[in-house]
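These notes are about the structure you will find just below.
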Amino acid sequence: MSTDGQGRSHWFDDEAGPVVRPYAMTRGRTTSAAQHRLDLIAVVVTEPQADDPEGDHSLSPEHVDIVDLCRETPQSVAELSSELDLPIGVVRVLIGDLVDAEFVHVNRPVPPAELPDESILRDVINGLRAL
């Protein structure tokens, strides 16, 4: 690390504080252990039994923030990324860790292929109107 004339490193920003690279938060991992598939619109919900995430010393402050944000209002992966100002990839790994530790669960969106066909829904509505 090089320093400027005052002996301060380039990895320090007066406004932001020390710089922490995203891969440091995930310990260099790009996927969680179970490799959970998390879409941007997947909704993260804190488990009811997740009482005190701060008491678990294996969790980082970012893990605790995710649990706290989802406790009152379920949040999508994209919302969490925005709220925490972290890259999506980092948030996905952190959420995967929390799912494995049973602090949160994820409600995945229904894939478009599994949605009912629009013509079937129209037929049902027309049938109900005919009654």
Side-chain angles (χ1 to χ4, degrees):
M1 236 185 297
S2 62
T3 58
D4 60 17
Q6 301 172 353
R8 297 181 57 198
S9 72
H10 288 287
W11 295 105
F12 191 85
D13 180 354
D14 288 332
E15 293 180 21
V19 176
V20 176
R21 298 288 181 201
Y23 62 82
M25 290 178 208
T26 63
R27 296 180 216 111
R29 297 171 298 140
T30 57
T31 59
S32 61
Q35 296 189 3
H36 299 280
R37 177 162 159 60
L38 299 173
D39 295 321
L40 292 176
I41 59 173
V43 177
V44 181
V45 182
T46 300
E47 292 287 359
Q49 73 273 11
D51 293 330
D52 183 23
E54 292 178 15
D56 187 334
H57 299 294
S58 67
L59 298 180
S60 70
E62 292 79 17
H63 285 112
V64 174
D65 289 344
I66 291 171
V67 173
D68 289 341
L69 284 170
C70 298
R71 186 176 307 279
E72 292 180 22
T73 306
Q75 305 276 324
S76 72
V77 174
E79 289 171 321
L80 288 169
S81 176
S82 175
E83 185 71 31
L84 297 171
D85 196 24
L86 293 173
I88 289 286
V90 171
V91 173
R92 283 179 171 153
V93 171
L94 297 175
I95 292 169
D97 295 344
L98 291 169
V99 169
D100 291 341
E102 298 181 352
F103 279 97
V104 300
H105 69 272
V106 177
N107 294 330
R108 290 170 177 79
V110 176
E114 293 180 18
L115 292 173
D117 186 19
E118 187 178 329
S119 63
I120 293 173
L121 294 176
R122 288 181 196 268
D123 290 344
V124 169
I125 290 171
N126 291 336
L128 290 172
R129 286 184 181 150
L131 293 175

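Residue indices begin at 1 and follow the sequence shown. Please read all numbers here as calculations on a predicted model, not as lab measurements. All values below come from the heavy atoms of this structure, side chains included, with hydrogens, waters and symmetry mates left out.
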When you look at CD of E102, are more than 12 heavy atoms from neighbouring residues, nucleotides or ligands closer to it than 6.0 Å?
no
Is there a side-chain contact between V99 and L38 in this structure, where contact means two heavy atoms from C-beta onward sitting under 4.5 Å apart?
no
With rounding to the nearest 0.5 Å, note down the distance linking CG in D68 to CZ in F103.
10.5 Å
For the CD atom of E62 and the CG atom of D97, what is their distance to the nearest 0.5 Å?
11.5 Å
Side chain to side chain contact (heavy atoms under 4.5 Å, CB included) between L40 and R92: does it pass, once the steps are laid out?
CA-CA 9 Å; L40 292 176; R92 283 179 171 153; 3.9 Å; yes
Run V104 and V67 through side chain to side chain contact (heavy atoms under 4.5 Å, CB included) and show every step you take.
CA-CA 7 Å; V104 300; V67 173; 4.3 Å; yes
Using every non-hydrogen atom in the two residues, find where P87 and S81 come nearest and quote the distance to one decimal.
C-OG, 3.8 Å
Stepwise side chain to side chain contact (heavy atoms under 4.5 Å, CB included) check, L98 with L59
CA-CA 9 Å; L98 291 169; L59 298 180; 4.0 Å; yes
Candidate list I125, L131, N126, test side-chain contact (heavy atoms from CB on, under 4.5 Å), partner L128, passing option
L131
Would a distance-only check, ignoring hydrogens and angles, find a side-chain to backbone donor-acceptor pair under 3.5 Å from T46 to R71?
yes
Is there a side-chain contact between L84 and L69 (heavy atoms, below 4.5 Å)?
yes
Taking V44 as the fixed residue, which of C70, P74, S76 is the one that meets the side-chain contact (heavy atoms from CB on, under 4.5 Å) rule?
C70
